[in-house]
Trainee: 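Before we start, here is the structure in question, set down as structure tokens.
Everything quoted here is computed from the prediction, not taken from an experiment.
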Amino acid sequence: MFRTIIIACLTATALSVPMAAHGKLVDGDSQYTPPTAPLEIRNSQDFAAPFDTTWRALVSHLSETSFVIDNIDKASGLITLSFSVPEAGSALDCGQWSLWVKNLRGRRDYAYAGAAGFAQYEVVDAGKLYTYERTMTLSGKMNIFATTLDDTSTRVKVTVRYVPAISLTASTFELDMNYNRRPPQTLNDTSSFNTGQQGHFTRGMTTCRAKGTLEQSLLDSVAATLAP
């Protein structure tokens, strides 16, 4: 009887000790590094060719791309396109994320680019461990404006409206009142910004800037088409 009482007292004492005295069972942290791509990018170029010649080069190049032409008006010199990019990171700098979590399984470290098309990682939120699957897609609009400088030269300016979208699916081993595992939850967020600007997402800290690759690629293609 005496031994039983001693064991019961020891067990009750152990349970009454705060969890902090044994260290956190689940812990983690994250760090975000903002984008470093410059806001100012070259998005216009003067070509040593008459307007009609430059316009034909523009139309010829666009006919070989996957862009959807929404509007084309030679009189005003304006072409409007819609686009989607398979890998947002090819056109955007959205910074870098680094995270770590730790539980009875040990420590795990994660790192991914903010513009990565797909990332899987773990996050600790309010003392609970979540597994996240994150995807980013990029679509948008592009305005191409050609103007006559003189009889032998034309200026082409490219302005892009970037619309990146993030989808987050969070899952946990937490059980509901019926002892069933809670279903994953999905959160969606979008941002939008123009050439020379930066965009912010309402959820989280991710910020995106254009690398200028879309603008430069189109200008380079027009130059190549005009080359003798």
Trainee: Is the closest side-chain donor-acceptor distance between Asn188 and Ser167 under 3.5 Å?
Mentor: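 Yes, a side-chain donor-acceptor pair sits under 3.5 Å.
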Trainee: Using a 4.5 Å cut-off on heavy atoms from C-beta on, say whether the side chain of Asn43 contacts that of Thr159.
Mentor: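 Thr159 vs Asn43: side chains touch.
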Trainee: Test side-chain hydrogen bond (donor to acceptor under 3.5 Å, both in side chains) on Thr80 and Asp70 and set out the steps.
Mentor: CA-CA 5 Å; Thr80 303; Asp70 299 322; over 6 Å; no
Trainee: Say whether Leu149 and Val156 are linked into one hydrophobic cluster, either directly or through other cluster members, by side-chain heavy-atom distances under 4.5 angstrom.
Mentor: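 Shared cluster, no.
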Trainee: If I take atom CD1 from residue Ile166 and atom SG from residue Cys208, how far apart are they, to the nearest 0.5 angstrom?
Mentor: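 Going from the CD1 atom of Ile166 to the SG atom of Cys208 covers 6.5 Å.
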Trainee: Measure from the side-chain N and O atoms of Ser221 to the backbone N and O of Ser217, and report whether any donor-acceptor pair falls under 3.5 Å.
Mentor: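 Pair found, side chain donor or acceptor close to backbone of Ser217.
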Trainee: Given the rule that I, L, V, M, F, W and Y join up when any side-chain heavy atoms are under 4.5 Å apart, are Ile69 and Val59 in one cluster?
Mentor: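 Result: yes, single cluster for both.
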Trainee: Less than 4.0 Å between a side-chain N and a carboxylate O, is that true for Arg107 and Asp27?
Mentor: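 A salt bridge is absent here (no side-chain N lies under 4.0 Å from a carboxylate O).
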Trainee: Quick one: closest heavy-atom pair of Ala88 and Ala115, and the distance?
Mentor: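 In terms of heavy atoms, the two residues are closest at CB-O, 3.8 Å.
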Trainee: Are side-chain heavy atoms of Phe51 and Asp150 found at a separation under 4.5 Å?
Mentor: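 Phe51 does not reach Asp150 side chain to side chain.
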Trainee: Does Met136 belong to the same Ile/Leu/Val/Met/Phe/Trp/Tyr cluster as Val123, with side-chain heavy atoms less than 4.5 Å apart forming each link?
Mentor: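 Met136 and Val123: one cluster.
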Trainee: Phe118 and Glu133: side-chain contact (heavy atoms from CB on, under 4.5 Å), yes or no, with the steps?
Mentor: CA-CA 7 Å; Phe118 177 81; Glu133 289 188 353; 4.2 Å; yes
Trainee: When you compare the side chains of Thr154 and Trp55, does any donor N or O come within less than 3.5 Å of an acceptor on the partner?
Mentor: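 No, because no side-chain N or O of Thr154 sits under 3.5 Å from a partner of the opposite role on Trp55.
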Trainee: Might you work through the side-chain hydrogen bond (donor to acceptor under 3.5 Å, both in side chains) test for Gln120 and Arg134, ending with a clear yes or no?
Mentor: CA-CA 6 Å; Gln120 187 176 52; Arg134 178 187 187 273; over 6 Å; no
Trainee: Given side-chain hydrogen bond (donor to acceptor under 3.5 Å, both in side chains), test Ser30 with Trp100 step by step and report yes or no.
Mentor: CA-CA 7 Å; Ser30 63; Trp100 64 269; over 6 Å; no
Trainee: Establish, from distance only, whether the side-chain atoms of Thr195 and Glu215 form a donor-acceptor pair under 3.5 Å.
Mentor: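 There is such a pair (donor and acceptor under 3.5 Å, judged by atom type) between the side chains of Thr195 and Glu215.
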Trainee: Test His61 against Thr225 for side-chain hydrogen bond (donor to acceptor under 3.5 Å, both in side chains), laying out the working first.
Mentor: CA-CA 7 Å; His61 166 64; Thr225 305; 5.3 Å; no
Trainee: Give a yes or no on whether a salt bridge exists between Glu122 and Arg108, defined as a side-chain N under 4.0 angstrom from a carboxylate O.
Mentor: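 Salt bridge between Glu122 and Arg108, a charged N being under 4.0 Å from a carboxylate O: yes.
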Trainee: When rounded to the nearest 0.5 angstrom, what distance separates CD1 in Ile79 from NZ in Lys74?
Mentor: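 With rounding to 0.5 Å, CD1 (Ile79) is 10.5 Å from NZ (Lys74).
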Trainee: Distance-only, no hydrogens or angles: does the Asp73 side chain make a donor-acceptor pair with backbone N or O of Leu78 under 3.5 Å?
Mentor: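 Answer holds: no.
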Trainee: Can you measure from OG1 (Thr54) to CZ (Phe47) and round to the nearest 0.5 angstrom?
Mentor: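 Interatomic distance, Thr54 OG1 to Phe47 CZ, rounded to 0.5 Å: 7.0 Å.
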Trainee: Walk me through whether Leu138 and Val163 qualify under side-chain contact (heavy atoms from CB on, under 4.5 Å).
Mentor: CA-CA 6 Å; Leu138 175 62; Val163 186; 5.6 Å; no
Trainee: Grab the two heavy atoms, one from Glu87 and one from Gly117, that are nearest each other, plus how far apart they are.
Mentor: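 Scanning both residues, the minimum pair turns out to be OE1-N, 3.9 Å.
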Trainee: Please work out whether the ring planes of Tyr112 and Tyr121 are parallel, tilted or perpendicular, with thresholds of 30° and 60°.
Mentor: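 Geometry flag for Tyr121 against Tyr112: parallel rings.
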Trainee: Once rounded to the nearest 0.5 Å, what's the spacing between atom SG of Cys94 and atom CE of Met205?
Mentor: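 Separation between the atoms: 13.5 Å.
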Trainee: Following the transitive rule for hydrophobic clusters with a side-chain heavy-atom cut-off under 4.5 Å over Ile, Leu, Val, Met, Phe, Trp and Tyr, establish whether Ile41 and Leu39 coincide in one cluster.
Mentor: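 Shared cluster, no.
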Trainee: Would you find a donor on one side and an acceptor on the other, under 3.5 Å apart, between the side chain of Tyr32 and the backbone of Gly204?
Mentor: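 Checked: no pair found.
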Trainee: If you measure from CZ on Arg42 to OG on Ser44, what distance do you get to the nearest 0.5 Å?
Mentor: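 Answer rounded to 0.5 Å: 7.5 Å.
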Trainee: Could you tell me whether the side chain of Ser139 reaches within less than 4.5 Å of the side chain of Val85, counting heavy atoms only?
Mentor: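 A side-chain contact under 4.5 Å is absent here.
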Trainee: Answer yes or no: is there a side-chain heavy-atom contact under 4.5 Å between Leu218 and Asp220?
Mentor: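 No, side chains not in contact.
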Trainee: Does Asn143 reach the side chain of Leu81, with side-chain heavy atoms less than 4.5 Å apart?
Mentor: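 Contact flag for Asn143/Leu81 side chains = no.
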Trainee: Check whether any side-chain N or O of Ser191 sits under 3.5 Å from a backbone N or O of Phe201 as a donor-acceptor pair, and report yes or no.
Mentor: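 No: the side chain of Ser191 does not pair with the backbone of Phe201.
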Trainee: Got a salt bridge between Arg155 and Asp46, using NZ or NE/NH1/NH2 to carboxylate O under 4.0 Å?
Mentor: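 Looking at Arg155 and Asp46, the cut-off is met.
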Trainee: Would you say Leu226 and Thr53 make side-chain contact, with heavy atoms under 4.5 Å?
Mentor: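 Counting from C-beta outward, Leu226 and Thr53 do come under 4.5 Å.
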Trainee: Taking C-beta and beyond as the side chain, do Pro35 and Thr207 meet within less than 4.5 Å on heavy atoms?
Mentor: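 With C-beta onward as the side chain, the pair touches.
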Trainee: Give, for atom OH of Tyr162 and atom NZ of Lys211, the distance between the pair rounded to the nearest 0.5 Å.
Mentor: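 NZ of Lys211 is found 11.0 Å from OH of Tyr162.
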Trainee: Please check if the number of heavy atoms outside Asp151 that lie under 6.0 Å from its CG is greater than 12.
Mentor: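 Counting other residues, nucleotides and ligands, CG of Asp151 stays at 12 neighbours or fewer.
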Trainee: Applying a strict under-4.5 Å side-chain criterion to I, L, V, M, F, W and Y, I'd like to know whether Phe83 and Ile72 cluster together.
Mentor: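 Per the 4.5 Å side-chain linkage, Phe83 and Ile72 are co-clustered.
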Trainee: Main chain of Ser90, side chain of Thr213: is a donor-acceptor contact present, judged purely on distance under 3.5 Å?
Mentor: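 Indeed, once roles are kept as given, a pair shorter than 3.5 Å links the two residues.
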Trainee: Looking at every non-hydrogen atom in both residues, tell me the closest pair between Ala37 and Ala210 and how far apart they are.
Mentor: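 Between these two residues, the closest heavy atoms are CB-O, 4.1 Å.
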Trainee: side-chain contact (heavy atoms from CB on, under 4.5 Å) for Leu219 and Val158? Distances and angles first, verdict last.
Mentor: CA-CA 8 Å; Leu219 295 173; Val158 183; 4.0 Å; yes
Trainee: Can you find a heavy atom in the side chain of Leu58 that is under 4.5 Å from one in the side chain of Ile144?
Mentor: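 Yes - at least one pair of side-chain heavy atoms lies under 4.5 Å apart.
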Trainee: Start with the C-alpha gap between Leu92 and Arg209, add the side-chain angles, then the distance that decides, and say whether side-chain contact (heavy atoms from CB on, under 4.5 Å) holds.
Mentor: CA-CA 6 Å; Leu92 298 180; Arg209 293 181 177 184; over 6 Å; no
Trainee: Under 6.0 Å from the CD atom of Gln31, do we count more than 12 heavy atoms belonging to anything else shown?
Mentor: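 No, the 6.0 Å shell around CD holds no more than 12 heavy atoms from other groups.
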